[in-house]
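See below for the structure under consideration.
The structure displayed is predicted, hence computed values, not measured ones.
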Amino acid sequence: SPARASLAPPAPAVGTLPEDVRLAAALLAEALVCASRWDAYREVWPTRSELAERLPIFWGEGPQLEAQAARFPGLAGQVRSRRALLKAAAEALGLPLDKLTWAHCLVATRAVGAKTNACALLPGIDMANHDLRPNAELVVAGEPGVVTGRATLTTRGDIWEHGSAGLLALRDIRAGEAVRISYGGYPNQRLLLDYGFDLGDVNPKGDREDDQEASSVAPSSEWARSD
């Protein structure tokens, strides 16, 4: 379609961008297509205004961001770094910055990586919320959507073909009970930056994320980050 063609970035530019930014650009292209096989999935994506209420990247340099300075002294720097990255990416790809920022926030709050060198949006699975005591875990065999003919043996003894992904119950889940997974063992600063919430005093990792933690995150069930 014309919309998809106009948003296709040149290959060299795409290859130099972090995985999450590339996925955001692809998601934005899909969002601007009038009719898509992903129409039902697009219906559950939050709007920009919904994301702006809880994600620091939308807060500007005003009171909202300043109010978090005592608890999260590194948060403002992370926000500025992410904004600069997205601005440069928008210019390189010829995309509207506000729309790319929205798409990247969808990736930040919903995409997973699960120990692969890629991030992916998995419809349905990405609606599971975080819990310190999850009742399910994400399983991705190989890279999402990439069928290789190989298989992975899960911790529960199940065999999953590479390219497949899903949620594996850690215990019996009652009818009507919310399915919850772990987004990873992160301090509240990281949870607020990427997901728009923090766990308060119950988070065993505490509030602050130091520079070493931010640069050496080893993904377990989350996407490969750009910061």
Side-chain angles (χ1 to χ4, degrees), residues 19-20 23-24 27 30 36-47 50-51 53-55 104-209 213 216-225:
E19 183 74 20
D20 54 307
L23 180 56
L27 183 149
E30 192 65 41
S36 165
R37 62 176 178 156
W38 301 107
D39 282 349
Y41 184 41
R42 295 193 300 188
E43 289 295 319
V44 304
W45 291 350
T47 64
E50 291 170 334
L51 292 171
E53 293 179 2
R54 54 194 181 92
L55 289 174
H104 187 267
C105 287
L106 288 184
V107 172
T109 56
R110 305 176 83 89
V112 297
K115 298 183 181 178
T116 69
N117 188 29
C119 56
L121 288 164
L122 306 176
I125 293 174
D126 61 1
M127 298 182 72
N129 287 326
H130 173 72
D131 201 299
L132 290 174
R133 296 181 178 179
N135 55 19
E137 66 177 352
L138 171 68
V139 175
V140 177
E143 293 190 21
V146 180
V147 178
T148 64
R150 298 182 179 182
T152 292
L153 184 67
T154 73
T155 56
R156 298 282 173 167
D158 301 308
I159 298 175
W160 288 43
E161 182 183 3
H162 278 201
S164 60
L167 295 178
L168 190 65
L170 298 175
R171 59 170 174 79
D172 291 339
I173 299 176
R174 301 185 304 275
E177 181 182 357
V179 176
R180 298 182 180 275
I181 63 175
S182 171
Y183 292 175
Y186 303 120
N188 286 325
Q189 181 173 312
R190 170 60 60 176
L191 293 175
L192 181 60
L193 176 69
D194 283 343
Y195 302 106
F197 69 87
D198 72 78
L199 301 176
D201 295 338
V202 302
N203 190 339
K205 292 290 187 177
D207 281 340
R208 303 182 180 185
E209 179 178 52
E213 284 180 307
S216 62
V217 173
S220 56
S221 62
E222 79 289 345
W223 47 272
R225 294 194 175 84

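Between Ala136 and Val179, the shortest heavy-atom distance links the atoms CB-CG1, 3.8 Å. Across all their heavy atoms, Pro134 and Arg180 have their closest contact at CB-O, 3.3 Å. Taking both residues in full, the closest heavy atoms of Pro46 and Leu51 are given as CG-CD2, 3.8 Å, listed atom of the first, atom of the second, then distance. Contact record, Gln189 with Arg208: OE1-CA, 3.9 Å, taken as the closest heavy-atom pair. Scanning all heavy atoms of the two residues, the minimum distance from Lys205 to Gly185 falls at CE-O, 3.3 Å.
Under the side chain to side chain contact (heavy atoms under 4.5 Å, CB included) criterion, Arg171 pairs with Asn135, Glu177, sequence neighbours left out. Looking at residues two or more places apart in sequence or on another chain, you find a salt bridge (charged side-chain N to carboxylate O under 4.0 Å, His left out) between Arg42 and Asp39. Residues satisfying the side chain to side chain contact (heavy atoms under 4.5 Å, CB included) criterion with Ile125, sequence neighbours excluded, are Leu122, Leu138, Leu167.
A tilted orientation is assigned to the rings of Phe197 and Tyr195, their planes being inclined by 30° to 60°.
Here the CG-CD distance, from Leu192 to Glu209, works out to 11.0 Å after rounding to the nearest 0.5 Å. Leu191 CG to His130 NE2: the interatomic distance, rounded to the nearest 0.5 Å, is 5.5 Å. One distance of note links OG of Ser182 with CG of Leu132; it measures 7.5 Å at 0.5 Å rounding. In this structure, the separation between CZ on Arg54 and SG on Cys105 is 9.0 Å, given to the nearest 0.5 Å. Taking CG of Leu193 as the start and CG of Asp198 as the end, the distance is 12.0 Å to the nearest 0.5 Å. Between atom CG of residue Leu106 and atom CG of residue Asp20 there is a gap of 12.5 Å, rounded to the nearest 0.5 Å.
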Leu23 vs Leu121, test: side-chain contact (heavy atoms from CB on, under 4.5 Å). Steps then yes/no.
CA-CA 9 Å; Leu23 180 56; Leu121 288 164; 4.2 Å; yes
So Tyr183 and Val112, side-chain contact (heavy atoms from CB on, under 4.5 Å) or not? Walk me through it.
CA-CA 9 Å; Tyr183 292 175; Val112 297; over 6 Å; no
Evaluate Thr109 against Asp126 for side-chain contact (heavy atoms from CB on, under 4.5 Å), listing each step before the verdict.
CA-CA 8 Å; Thr109 56; Asp126 61 1; over 6 Å; no
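For the pair Leu27/Trp45, a side-chain contact is recorded, criterion being any heavy-atom separation below 4.5 Å from C-beta on.
Looking only at distances, no side-chain donor or acceptor of Asp207 sits under 3.5 Å from a matching main-chain atom of Asn188.
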